[in-house]
Visitor: 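Could you have a look at this structure, given as structure tokens, before my questions?
Worth knowing before you read on, the calculation uses all heavy atoms, side chains too, and leaves out hydrogens, waters and symmetry mates.
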Amino acid sequence: TYGVLVNNTSVTQALTLTSLSDSTYGDLFVAANTTCAQTVIPVGGSFSCQFDGTFCGLTESDTVTATLDDGAGTILVELSNQVDVNVCAN
């Protein structure tokens with residue numbers, strides 16, 4: 001299970017999360033066992049969700065892209081930091 005957190009750092013406007021996609025798993029609104037969905041993030045608030053993803057191998061790198069609408073016609077696209085997942089045998 002992967003987790004995603006989107007923060008609204010605006011001090012004046014709520015933002016509508018209109019799209020959330022992962023570089024490996026695609027559209028997170030329709031991902032396996034997802035809790036990710038379009039939502040309004042209040043001023044200074046955040047939205048978190050989870051989805052299932054399967055990967056086989058030693059490492060995987062993912063970037064999540066959030067598309068947000070401020071309600072005034074401005075579309076904001078924000079990229080996450082790259083996340084590296086490593087599997088190690090114990």
Side-chain angles (χ1 to χ4, degrees):
T1 300
Y2 292 88
V4 177
L5 176 67
V6 181
N7 294 308
N8 179 359
T9 58
S10 173
V11 295
T12 59
Q13 287 188 296
L15 298 173
T16 301
L17 179 65
T18 59
S19 173
L20 196 59
S21 63
D22 179 90
S23 59
T24 301
Y25 298 104
D27 183 353
L28 298 183
F29 290 172
V30 297
N33 297 315
T34 189
T35 61
C36 303
Q38 183 170 330
T39 190
V40 175
I41 305 172
V43 171
S46 63
F47 170 75
S48 64
C49 63
Q50 296 180 343
F51 66 96
D52 287 347
T54 302
F55 105 92
C56 298
L58 297 178
T59 64
E60 175 181 280
S61 294
D62 288 73
T63 301
V64 173
T65 303
T67 304
L68 303 124
D69 185 341
D70 70 356
T74 303
I75 304 298
L76 310 165
V77 177
E78 299 294 329
L79 300 177
S80 72
N81 295 328
Q82 178 176 324
V83 175
D84 296 318
V85 178
N86 297 300
V87 175
C88 300
N90 289 328

Visitor: Could you check whether any side-chain N or O of D69 sits under 3.5 Å from a backbone N or O of G71, counting only pairs where one atom can act as donor and the other as acceptor?
Guide: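 Judged by distance alone, yes, a pair lies under 3.5 Å.
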Visitor: Heavy-atom distance under 4.5 Å between the side chains of L20 and V6, does that happen here?
Guide: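 The answer is yes, as the side chains (C-beta and beyond) meet within the 4.5 Å cut-off.
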Visitor: Do you know which two heavy atoms are closest between Q38 and T16, and how far apart they sit?
Guide: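 Reported closest heavy-atom pair: NE2-CG2, 3.7 Å.
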Visitor: Walk me through whether L68 and I75 qualify under side chain to side chain contact (heavy atoms under 4.5 Å, CB included).
Guide: CA-CA 6 Å; L68 303 124; I75 304 298; over 6 Å; no
Visitor: Please list, chain by chain and in numerical order, all residues satisfying side-chain contact (heavy atoms from CB on, under 4.5 Å) with T74, sequence neighbours excluded.
Guide: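 T74: side-chain contact (heavy atoms from CB on, under 4.5 Å) contacts with D70, L76.
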Visitor: Is there any side chain to side chain donor-acceptor pair (under 3.5 Å) pair reaching into residues 19-28, and which pairs are they, with sequence neighbours excluded?
Guide: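 Every pair satisfying side chain to side chain donor-acceptor pair (under 3.5 Å) with a residue in residues 19-28: Y2-Y25, T24-D62, Y25-E60.
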Visitor: Kindly give the heavy-atom pair with the smallest separation between A66 and L17, and that separation in Å.
Guide: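 For A66 and L17, the tightest heavy-atom pair comes out as CB-CD1, 3.9 Å.
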Visitor: Got a list of side-chain donor-acceptor pairs under 3.5 Å for residues 39-56, not counting sequence neighbours?
Guide:
from	atom 1	to	atom 2	distance (Å)
D52	OD1	T1	OG1	3.0
D52	OD2	N33	ND2	2.6

Visitor: With sequence neighbours excluded, give me every ring-ring contact (aromatic ring centres under 6.0 Å, His included) pair touching residues 4-23.
Guide: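 Sorted pair list comes back empty.
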Visitor: My understanding is that only residues two or more places apart in sequence, or in another chain, count here; which of them pass side-chain hydrogen bond (donor to acceptor under 3.5 Å, both in side chains) with T67?
Guide: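 With sequence neighbours excluded, T67 shows a side-chain hydrogen bond (donor to acceptor under 3.5 Å, both in side chains) to no residue whatsoever.
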